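Values below: every heavy atom of this structure, side chains too, minus hydrogens, waters and symmetry copies. Just follow the structure's listing: the first ligand is 1, and inside any ligand the first atom is 1. Keep in mind that this is a model prediction, so the values were computed, not measured.
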Amino acid sequence: MTTTDTAATTQPFQAEVSELLNLMVHSVYSETDIFLRELISNASDACDKLRYEAIARPELIGDGAPPKISIVPDKKANTLTVADTGIGMDQKELIDNLGTIARSGTKAFVARLSEAKDGAGLIGQFGVGFYSAFMVAERIVVTSRRAGSSEAWTWSSSGGSGFEVAPASEADARRVARGTEIVLHLKSDAAKYLETYEIERIVGAYSDNIQFPIELVPEEGETRQINSASALWQRPKSELKPEDYAQAYKSIANAFDEPAMTLHYRAEGRYSYAVLLFAPSTKPFDLFEPARKGKVKLYVRRVFITDDADLLPAYLRFVRGVIDSEDLPLNISREMLQNNPQLVQIRKAVTTRVITELEQLAEKEPENFDKIWDAYGAVIKEGIYEDFERREKLLALSRFTTTTGERRSLKQYVADLKPNQTEIYVLVGDSIERLKSNPRLEAARARGIEVLLLTDPVDAFWASMQLNYEGKPLKSLSQGDLNFDLIPLLDEHTKDKTEPAADEAATIALIKASLGDRVDDVKASTRLTTSASCLVAGNQGPDRALERILSQQARGARTKPILEINLRHPLVTAIAKTEAGSSKVDDLSLLLLEQAQILDGELPEDPAAFAARLNRMVLLGVGAS
Ligand code: ADP
Ligand code: MG
């Protein structure tokens, strides 16, 4: 590129931006109002940044003018201007911030947007805020001066494929003494945004809780402040109504939905701080992206410091809101925050409090808790794996789909144990439907034993940790030996009268010899009643489901499984009756192994050989061979 510092340059948008703008211009959204909220949110961020940087460099607010936001409608010019006296942007920042989308997941957003009915709900989550202004503007001119800089720059674009960046004209540079001015040349159908009552309505609905004064500069009459600019979390709970919280949630979390849980309290004592946290009711798209972080904002005495301080553990990364400390030094650097002992304490206490709140919600408002569990259960369960200290609590909080078909807690499970049942049984797999027909459930089903059916990826990890709940070990049905002998069969399953294969040991030895080193061992199964065979992991080492995940991620080789066989199954008794040395023994044994693999959703090692073997046996059976 031939950018020199003073020449005007025309630059292409990053491909994703062009795509996005295309969607914006053809207005996928019916709710165009949100552009104003996005611009105000950016202006507020810019004011926050200025206030933070000015702690170390007070000269940045040299003139003493406090950061604020102005909205100026101009019917004659058909423009709406949103200006702030925040941190501003220099030439490079204008190009980088308003020419690309740095966030990951943008492609996913664009893809989803074209199929989504409710596109507006996605904007805040994907951080494409600024570009939403192209829904209402045919041309946008941004003039900005970084705080402390001697130069101002102008960015302009009519959407399409590119934008222009040039030094600001003398008049523009004089007007924009610090911060950013965004002039929207409105489309013909967007004239309503020039009406002061429209502007007040939108600010009232979405941005009332912005910390900085938002001034409306009407064409006639006095400039007036149109938001309350108070830190809602500092106000006593008794003064606040549910609507106040819902509104605060929208402006703090930049969200459109309603909070499924609201937690507001003030901690006094060794450290004092105010906490206002929300659990959104809609699941964000990027909950499982590695880069996704928690979004709890740290304030110190009402000054925003950072939203990057890991104030809650990763398994609570869906929580949004504010923690405002009275005691931390204002000039604490973001690096120092990492190991600050006070912050470690706050994090610990707030984490515990959030979990307590979830427990109470589960008890008092189970419907709301269910919503949270639907959206974030898979994330919260990461805590069982990661948070040793709160493992018990998180296990108790968790809800599981079980073979009863209901969503159950471990407390409920333990209350309904069968006579002599001492373990909590779990089975990990890809889908509830597939798990329901899993042969490993047969013996449990014959006894009416409830089994937790686990299908989230994280389940394989914590289910392999040999955990206990109230002294009852969690036991996977695809791992190790099982003993159901003491648990009575249900009436309709009176003990199977079929004779097992005549000589158990000899039959097992035959199969073992045929399978060679394909398996670690062959055993008589205690978990099958109708199926012929299944695979299990040894008592030690990872469970089958975990091994599968790890090997898919190329993070570990697979160990050899144990093949369990049902000695009463005709296929097995057939082996016992086949004369030794016959190739049929090999075929039947391999089929026992291969069908167990298929039942696990895996391919036989050699699918072609499997097909040939199956055909041989079928032809034998129909007497065609
Ligand atoms: P987001 O706010 O989620 O980062 P936006 O598209 O709303 O995404 O804004 C993109 C970036 O442009 C912001 O992150 C910020 O760096 C910059 N920006 C936008 N508006 C302003 C402003 N008024 N003052 C300073 N920087 C701004
Ligand atoms: Mg934004």
Point to revise | Distance filter under 4.0 Å to L98 heavy atoms, resulting ligand 1 atoms | key: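 That gives atoms 12 (O) of ligand 1.
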Check your understanding: A46 heavy atoms, cut-off 4.0 Å: which ligand 1 atoms fall inside?
Key ->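 Those of ligand 1 that fall under 4.0 Å from A46 are 24 (N), 25 (C).
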**Study point:** Ionic contact status for D374 with K371, cut-off 4.0 Å
**Key:**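 Looking at D374 together with K371, the answer is no, because their closest N to O distance does not fall below 4.0 Å.
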Check your understanding: So, E170 and R174, do they make that salt bridge, N to O below 4.0 Å?
Key ->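 A salt bridge links E170 with R174.
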Review point. Can you name the residues that form a salt bridge (charged side-chain N to carboxylate O under 4.0 Å, His left out) with E195, not counting sequence neighbours?
Key: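 K75.
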Point to revise | K250: salt bridge (charged side-chain N to carboxylate O under 4.0 Å, His left out) partners, not counting sequence neighbours | key: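 K250 satisfies salt bridge (charged side-chain N to carboxylate O under 4.0 Å, His left out) with E258 once adjacent residues are dropped.
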Check your understanding: Hey, is there an N, O or S on S41 sitting under 2.8 Å from the Mg ion (ligand 2)?
Key ->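 For S41, the answer is no, given that no N, O or S atom comes within less than 2.8 Å of the Mg ion (ligand 2).
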Review point. F134 vs F130 aromatic rings, parallel, tilted or perpendicular, using cut-offs 30° and 60°?
Key: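 Ring orientation of F134 relative to F130: perpendicular.
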Check your understanding: Is there a side-chain contact (heavy atoms from CB on, under 4.5 Å) between D327 and S272 once you walk through the steps?
Key -> CA-CA 7 Å; D327 320 294; S272 303; 4.2 Å; yes
Exercise for review: Say whether E38, considering both its backbone and side-chain N or O atoms, lies within less than 3.5 Å of an N or O atom on ligand 1.
Suggested key: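 No: no nitrogen or oxygen of E38 is under 3.5 Å from one in ligand 1.
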Point to revise | Test of proximity, I87 against ligand 1: N or O pairs below 3.5 Å | key: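 Checking ligand 1 against I87, no N or O pair falls under 3.5 Å apart.
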Practice item. Quick one: look at L39 and ligand 1, take heavy-atom pairs under 4.0 Å, and tell me if it's side chain, backbone, both or neither. Key: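 Within the 4.0 Å criterion, L39 makes no contact with ligand 1.
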Review point. Considering N42, T85, N97, which one's heavy-atom position lies nearest to atom 7 (O) of ligand 1?
Key: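 Considering heavy atoms of N42, T85, N97, the nearest to atom 7 (O) of ligand 1 sits in N42.
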